[in-house]
There are 2 protein chains.
Amino acid sequence: MRDAGQKENTGRTGVTKGRTDEFQGGGSTVDAARGRLTSLADVARRAGVSITTASRVMSASPHPVAADTRRRVLQAADELDFEPNLVARGLVAHRTSMVAILVDDLTDPAAALVARGVEDDAFEHGFSVVVGDTDGDTAKQVAYVRKLRAMRADAVLLATAAADGGANREDLMRQLRQVEGGGGVIVRLGPNGATPSDVAWSRRDVFDLAVGHLHALGHRRIALLAGHGRGGHTAAVDACRSAIEALGLALPPKHVVTMGAADSAAAMAQAIDALTPEVTALIATSDASAAALMAALQARGRRIPAELSICGLGDLPVASMVSPALTTVRLPLRESGRVGMLRAREVLDGGVSVKRTELPVELVVRDSTAPVREAF
Amino acid sequence: MRDAGQKENTGRTGVTKGRTDEFQGGGSTVDAARGRLTSLADVARRAGVSITTASRVMSASPHPVAADTRRRVLQAADELDFEPNLVARGLVAHRTSMVAILVDDLTDPAAALVARGVEDDAFEHGFSVVVGDTDGDTAKQVAYVRKLRAMRADAVLLATAAADGGANREDLMRQLRQVEGGGGVIVRLGPNGATPSDVAWSRRDVFDLAVGHLHALGHRRIALLAGHGRGGHTAAVDACRSAIEALGLALPPKHVVTMGAADSAAAMAQAIDALTPEVTALIATSDASAAALMAALQARGRRIPAELSICGLGDLPVASMVSPALTTVRLPLRESGRVGMLRAREVLDGGVSVKRTELPVELVVRDSTAPVREAF
DNA sequence: TTGTAGGCGTTATCAT
DNA sequence: ATGATAACGCCTACAA
C-alpha cells in the first residue's frame, strides 16, 4: 500500500520532439472579478414571485407551493440557466457537501483506487471530493486538515500511512479534534495496525494468507521485501514475522530487504539474489515493488517461479499485467473508499459515531508462486 | 492515455479471510447540525476590538493596524484556534480557491499523474482540488460541470477524452460557456487533436517518434494496438497512420487491433500473434496495454523483442517494471497538470485568456524493441 | 488607526 | 400559499 512503484529510467537514448512556444489562445477574455451570476433574485423577479418562493421551489423545500407558481419559477430558472449558489447555501446550512480524501500519493495505484472508491459513492450522493496528497509528510497533512477545516468540509477521510510520532503528530490530532468538534466527520481508512482504522482490513490476515500459501507449497525460508521506512513499514514487518512464526518458521532480519525510495530495482534484485537459494520464496509489501523486483530478477537471468516464488500484495492492475502473473493478496482498496464514504454519510445524517468495519482480504493465486524444488 | 490496464483475473484459487462484522466505534457522537465554530466575532470580542479590525488582521488586509492591536487579535485567534470560514469568504469574494480536474478514470495511471500535477501547483498556491471521474460518459461530465458551476469553482481543468459528438456534447459546451461567462476558467489538457487543447502535446510527434524509432531499427510492417473505441481512439489511429505513411509505409486496417474494454489480454495476444511474423513491430497506445499484451504474448511463448518489438506510450511507472523494460514515448502527463493549473491561475489573477502551450514528448528507448531480424 | 453600515445569495422564522 | 425579515460569517466602503 505504501510502496510506490520504482520508476527506473533505464532509457539509453533520449530523443525529444515538440516545442514550448506559447501563443495567445483564442479563448474569450474574462474579467478578473467574477461577473455576477444569475441569482435567486433574478429568477424570482422574472417569475413574478418573492425570493422566498423561488427558494422554496429551487431547493425542493417541503413547504407547499402552488403548482402554477412552481411551474413559473421553474421556467424562469430554466430560461436563466440558474444554478443555485452552493457557497451561499453552505453558509446558512453549515454543510458544504464536500468531503476530502487524503492520501500519500495519488500516483500510487493503491491510493488512486481508494480515492476512486470514495468518489464513486460521493458522486452518487451529491458530494464533491477534494483530493490531497501529503507525500507522507505529516506537516503537509496538518496543513491540509487545517485548510479543510477552513473550508468547512463535511468529512475528511484519511488514507495516509500512520504518521511518524513526531511533534507534528500532536498538531495533527489537535486539528482532527477541531474538525470533529465542529461537526465534521473523520474516517480512517487502511490496514488495522497500532491505531485501528475505521474502515480496515487485517494486516495479519493478509500475511497469514500469503505465508500460508507459500508454506503449503513447501517453502520454509521466506524473505520479505518491505517498502520505504516510513509509515506502515515496521507494522508490516511485524505482521509478517508473526505470521511466519505462527507456522513454526522464522524471519531473521537478514531476510528482510528494505527498499529505500531511491534504491533501484536492480539493487533490490541484487540483494535478493544474494539470499537465494537459501530463501525459496519472497513476499513483497506491494504488487508494484514485486513487479519491479521480478523484472530486475529476470534481467539477471533468474527464473520465476522456478528459482524463487514471489507473492505480492494488493492485487493491483499491474499484478495481472506482468509475466508471470503475480500471485497476490487482494486488498479491498476501492471498496474501502466506498465504505468510508458511506460511513461518513451515516454520521452526517444520523448523528451517530463512525461504525467500524473490517473488510475481507483474499488470496489470488496466479503464476509467480510454485512448489519449492526438492533439490538443487 | 485512455487505455486503462486490463485486469485479467487468472486466479486459480480464492481463499478469503476476514469478517465483515460491524460494531460501534469509540468515536465521539456528533450532532447532526454542525456546532457553531469560532468566528471572527469571537476573536474580536476576546481581543476587545471590532470585527472589522479582527478581519483586517486575519485576512492580511493591507489596511493599517496598530502593532499592538494586531498582536492581541493574533493571540485571541490562536487561543481560540480560529480558522477563517472560507465559505463566507467565498460568498463575498466571488472566489472559492477551488478548482476541479475532470478525468475519465482516476484509476488510470495517466489520469492520476495529471491530477497529481494539478494538485502540486494548486497546493503551493492555496487552491483545493476537486477530482471528478466521468468514466468517459459525456452525460456524467455535463453533470459534473454543472455542479462545479453551482459550487462556483474558480477553474475547471478538462483531461477527459474528446467527447463523442452526441446530443450531450451541446449540453457540455453550454455548461462550459456558462462557467466562463461567470468568470470561471476552463483549461483543456491532453493531446492535440481535432479540438486543440490548451496545454497539450502533439499526438503526431508522439507517433513520429515511435514509428521513426522502429523504422530506424529496420521494421517495415508495424501494427497498432489501439484502446477502446471511445475518445481519442480514431485520432490515435489516424495520427499513427500518418506517421507511418510519412515514411513510405502503410498501416492497413488489419494491422490495427482494437482492444475493447472487455477483451482479455489473452484475446489480444492471439490477435497479434496471428499478424506475426508478417508484422515485426507493434505500437500500443498506452504502456498499460503494451505491458498486458507483452505478458500475454510471453505466456504464449513469444519472445520479445526477438520475435516482436513493442513500443508503448506514456512512460508510466509500469514501463520500467516489466521485463523486458518497455521502450516508450514519454508524455508530459504530470507536467501538463502543473502547467494547466498555472495557466488557470494566470487567467484568474491576470484577466487574460488562457495561454496555449505545447509540451515536448520524448522517446525513451529501453529493451522491448530491437533491430528486425534479417530472415526467419 | 479604529469602527459602523451594508451586502454577498440562501434558507429559516414568523407573519399574513 | 406567499412574503418580509433576520441571520450565516466575512469583507469593503465610508465615516470618525
Side-chain angles (χ1 to χ4, degrees), chain A residues 32-74 76-77 80-97 149-152 154 182-183, chain B residues 32-74 76-77 80-97 149-152 154 182-183:
Chain A
R34 187 195 293 278
R36 237 184 97 283
L37 296 201
T38 108
S39 75
L40 223 32
D42 302 313
V43 176
R45 195 174 318 117
R46 178 175 257 260
V49 299
S50 72
I51 293 185
T52 305
T53 300
S55 169
R56 294 207 251 256
V57 174
M58 299 315 293
S59 63
S61 151
H63 197 104
V65 173
D68 185 60
T69 308
R70 155 165 282 120
R71 205 184 39 66
R72 268 160 48 222
V73 172
L74 251 16
L80 264 27
D81 217 328
F82 169 78
E83 200 62 42
N85 185 331
L86 261 33
V87 178
R89 188 175 279 182
L91 184 59
V92 10
H94 296 284
R95 278 278 170 88
T96 54
S97 288
R149 188 152 78 85
M151 67 196 322
R152 302 320 193 240
D154 290 343
Chain B
R34 188 195 292 280
R36 237 185 98 285
L37 297 200
T38 107
S39 75
L40 261 186
D42 302 312
V43 175
R45 195 176 316 119
R46 178 176 255 260
V49 299
S50 73
I51 294 184
T52 305
T53 300
S55 168
R56 293 206 252 255
V57 174
M58 299 314 294
S59 63
S61 150
H63 198 101
V65 172
D68 185 60
T69 309
R70 157 165 279 122
R71 205 184 40 64
R72 269 161 48 223
V73 172
L74 251 18
L80 264 28
D81 216 328
F82 170 75
E83 200 62 42
N85 185 331
L86 261 33
V87 177
R89 191 175 278 183
L91 184 58
V92 11
H94 296 285
R95 278 279 168 90
T96 54
S97 287
R149 188 153 77 88
M151 67 195 324
R152 300 321 193 238
D154 290 343

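The chains referred to below are lettered A, B, ... by the order of the sequence lines, with proteins before strands, and numbering in each begins at 1.
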Stems with DNA chain D, 3 or more Watson-Crick or G-U pairs in a row (under 3.5 Å), are C:1-16 with D:1-16
Between CG on residue B/Leu40 and CG on residue B/Leu80, distance to nearest 0.5 Å: 11.0 Å
Heavy atoms within less than 4.0 Å of DNA chain D: which residues of residues 64-73 of chain B have one? Give them sorted by number. none
Please report, rounded to the nearest Å, how far the P atom of D/dC8 is from the CZ atom of A/Arg95. 18 Å
Identify the pairs formed between an N or O of the protein and an N or O of nucleotides 9-11 of chain D at a distance under 3.5 Å, and give each distance.
unit_1: D/dC10; atom_1: OP1; unit_2: B/Asn85; atom_2: N; d: 3.2
unit_1: D/dC10; atom_1: OP2; unit_2: B/Leu40; atom_2: N; d: 2.5
unit_1: D/dC11; atom_1: OP1; unit_2: B/Arg89; atom_2: NE; d: 2.7
unit_1: D/dC11; atom_1: OP1; unit_2: B/Arg89; atom_2: NH2; d: 3.0
unit_1: D/dC11; atom_1: OP2; unit_2: B/Ser55; atom_2: OG; d: 2.6

Pairs meeting criterion salt bridge (charged side-chain N to carboxylate O under 4.0 Å, His left out) with involvement of residues 58-68 of chain B, two or more places apart: B/Asp68-B/Arg71, B/Asp68-B/Arg72
Under 3.5 Å, which donor-acceptor pairs link side chains of residues 81-91 of chain A to any protein atom two or more places apart or in another chain?
unit_1: A/Asp81; atom_1: OD1; unit_2: B/Arg149; atom_2: NH2; d: 2.9
unit_1: A/Asp81; atom_1: OD2; unit_2: B/Arg174; atom_2: NH2; d: 3.4
unit_1: A/Asp81; atom_1: OD2; unit_2: B/Gln178; atom_2: NE2; d: 3.2
unit_1: A/Glu83; atom_1: OE1; unit_2: B/Arg146; atom_2: NH1; d: 2.6
unit_1: A/Asn85; atom_1: OD1; unit_2: A/Val87; atom_2: N; d: 2.7
unit_1: A/Asn85; atom_1: OD1; unit_2: A/Ala88; atom_2: N; d: 3.2

Could you list the donor-acceptor pairs under 3.5 angstrom formed between side-chain atoms of residues 49-58 of chain A and any protein atom two or more places apart in sequence or on another chain?
unit_1: A/Ser50; atom_1: OG; unit_2: A/Thr52; atom_2: N; d: 3.4
unit_1: A/Ser50; atom_1: OG; unit_2: A/Thr53; atom_2: N; d: 3.2
unit_1: A/Ser50; atom_1: OG; unit_2: A/Thr53; atom_2: OG1; d: 3.2

Categorize A/Val87 for me: base, sugar-phosphate, or nothing, with a 4.0 angstrom heavy-atom threshold over every strand shown. nothing
Do any side-chain nitrogens or oxygens of A/Ser50 fall under 4.0 Å of OP1 or OP2 in D/dT2? no
Counting distance alone, no hydrogens or angles: does the base of C/dT2 have a donor or acceptor under 3.5 Å from a partner atom on the side chain of B/His63? yes
